[in-house]
There are 2 protein chains.
Amino acid sequence: MNERAKASRVSTKDIAHKALREMIIKGELEPGQPIAEEELAKELQISRTPLREALQILELEGLVNRSLNGRINVAPISIQEVKEIFVIRSNLEGIVVEDAIDNITQKDIDHLTHLIKLLKMAISLEDYETIDRFGKQFHEYIYTVSGNKMAVKFLYQLNSMINRYRRLAHKSIGDTKQSVKEHKMILHYIIQKDKINAVEEMKKHILGSLNQAIKTVEKYEHTQF
Amino acid sequence: MNERAKASRVSTKDIAHKALREMIIKGELEPGQPIAEEELAKELQISRTPLREALQILELEGLVNRSLNGRINVAPISIQEVKEIFVIRSNLEGIVVEDAIDNITQKDIDHLTHLIKLLKMAISLEDYETIDRFGKQFHEYIYTVSGNKMAVKFLYQLNSMINRYRRLAHKSIGDTKQSVKEHKMILHYIIQKDKINAVEEMKKHILGSLNQAIKTVEKYEHTQF
DNA sequence: AACTTTATAATTGTATACAGTTATTTTAAA
DNA sequence: TTTAAAATAACTGTATACAATTATAAAGTT
């Protein structure tokens, strides 16, 4: 372990954190599944110390829960939670576009325009993974332009939870085309520096994906949880 | 240490976490001050293991920062950050009142009404500490009624940061009287189940306290940071 | 004297050991 | 067979030891 940490300058804790987050998002660690530190440490070939620190981060990120007796389990999935997450996210994304409008340059606008083009292209190829990636990039670019560190921090925290649900969802082409329209609208209002409508449109856009997420979760709740 | 943990059923980590949070909020650990684990562990009479876990929590809460070399220091205070925090909080509090309106009972309304009375009383006594406490209780009661666990989780996270600034602020009686009026208005709209205005009023209420906070920080930034 | 280079010290990151707690199994009694 | 008690095992929480890294001080060079 140590050599690796030395070589890559990344701590074992961080490696464990990212690995576990990925495992939870992918469902390799199932919702509700109990986690035994020793066992997991052996599996990851690390000691309990950095693993515990990683689990602590995951706990604060809401991906695992700790019960009174100290036992940790993978956080369950619930409709209630999805709803809460998306409403909060829609507000944060609203804050962030508003701030972005204050700082945006022509270069930024060009980049966002370019991303929308790429998005359209991916849709025409029905390449859902790429669609997802560009959509994400669009939002994250706005994060950066906003300069709102705190909001961005919260958004990343939320997004790691949202990714759990996103993995489960299967979008239709219709959904993605609608999504592009919305991205265009948002960009339009950004260019116009029309904060009120940009925020409004962004919120609608985020909440639009909520319904989709809810349907997915409902399906899972019936079968598993 | 162990006996204590056994007796109170609270972990050393949590004790350290709460103690450090308090120290940072009170300014006993000053903004920017570097933290040496060994030294601090000795001071708290605990080992580095639970201390590190506590520091990790504080890092995610935004009360300390970790630089690339692993050194930890108390998070600095900045106007930009205060602004970000308050805008986010105003949105979250908005979400929370909205949800609260869905669930509120007569008993809840009575309690909130009672809290406002207590608030008025504290103001007439110019007892600022009590004013603060009842104001906090008013908001936190709404948190509970909302049932929005995720939003509440974020709010508590924000509030621990906000408390750093609150400690520095010195309210005037005028401010507090205005605050009572706003609380009354919020409650009024809650009773009417008027979500739009309740949210609006809540946001205004939170942002109103922002200016006050900014002034305080400006003063500090000139002197210290 | 200023700048490198080397050596030393301080500090963080990880592993391991052990203590304390909780869960599970076994044994005993009804 | 069910229930209670005791013993055992599994697991978490904390302390300590050590390895690796970074900062500091000392020595050497130009």
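Proteins come first, then strands; the chains are lettered A, B, ... in the order of their sequence lines, and each starts at number 1. What you are looking at is a predicted structure, and each value in this text was computed from that prediction instead of being measured.
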Atom [atom1] of [X] to atom [atom2] of [N]: distance rounded to whole Å?
X       : N      : atom1 : atom2 : value
B/Lys42 : C/dT12 : NZ    : P     : 12 Å
A/Asn73 : D/dC11 : CG    : P     : 14 Å
B/Lys13 : D/dT14 : NZ    : P     : 8 Å
A/Leu44 : C/dG13 : CG    : P     : 19 Å
A/Gln45 : C/dT14 : CD    : C1'   : 15 Å
A/Ile72 : D/dC11 : CD1   : P     : 13 Å
B/Leu51 : C/dT12 : CG    : C1'   : 12 Å
B/Ile15 : D/dG13 : CD1   : C1'   : 12 Å

> Quick one: NZ on A/Lys149 to OG1 on A/Thr144, what's the gap to the nearest 0.5 Å?
Replying inline: 12.0 Å
> Do the side-chain N or O atoms of B/Arg48 get closer than 4.0 angstrom to the phosphate oxygens (OP1, OP2) of C/dA15?
Replying inline: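 It does not, given that no N or O in the side chain of B/Arg48 lies less than 4.0 Å from OP1 or OP2 of C/dA15.
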> At under 4.0 Å, does any side-chain N or O of A/Asn69 touch on OP1 or OP2 of C/dA23?
Replying inline: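 True: A/Asn69 side-chain N/O within range (under 4.0 Å) of C/dA23 OP1/OP2.
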State which of [options] makes the closest approach to the side chain of [X].
X       : options                : result
B/Thr49 : D/dT14, D/dA23, C/dT22 : D/dT14
B/Ser47 : D/dA15, D/dT12, D/dA17 : D/dA15
B/Glu37 : D/dT14, C/dA15, C/dG13 : C/dG13

>> Once salt bridge (charged side-chain N to carboxylate O under 4.0 Å, His left out) is applied, do any residues pair with B/Asp108, and if so which ones, sequence neighbours excluded?
In response: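 Scan of B/Asp108 (salt bridge (charged side-chain N to carboxylate O under 4.0 Å, His left out), adjacent residues dropped) gives none.
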> Looking at residues at least two apart in the chain, or sitting in another chain, which of them share a salt bridge (charged side-chain N to carboxylate O under 4.0 Å, His left out) with B/Glu84?
Replying inline: none
>> Any salt bridge linking B/Arg133 with B/Glu140? Criterion: basic side-chain nitrogen under 4.0 Å from a carboxylate oxygen.
In response: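 No.
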>> Walk me through whether B/Arg52 and B/Glu37 qualify under salt bridge (Lys or Arg N to Asp or Glu O under 4.0 Å).
In response: CA-CA 7 Å; B/Arg52 277 176 65 85; B/Glu37 291 178 4; 2.9 Å; yes
> Which part of the nucleic acid does B/Arg52 contact within heavy-atom distance under 4.0 Å: base, sugar-phosphate only, or nothing?
Replying inline: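 Base contact.
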> What nucleic acid atoms does B/Leu40 come within less than 4.0 Å of, heavy atoms only: base, sugar-phosphate, or nothing?
Replying inline: nothing
> Start at the 5' end of DNA chain C and walk down; is the nucleotide closest to A/Leu68 or to A/Asp14 reached first?
Replying inline: A/Asp14
> Between B/Ala36 and A/Arg71, which has a closest nucleotide on DNA chain C that is more 5'?
Replying inline: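 Closer to the 5' end of DNA chain C: B/Ala36.
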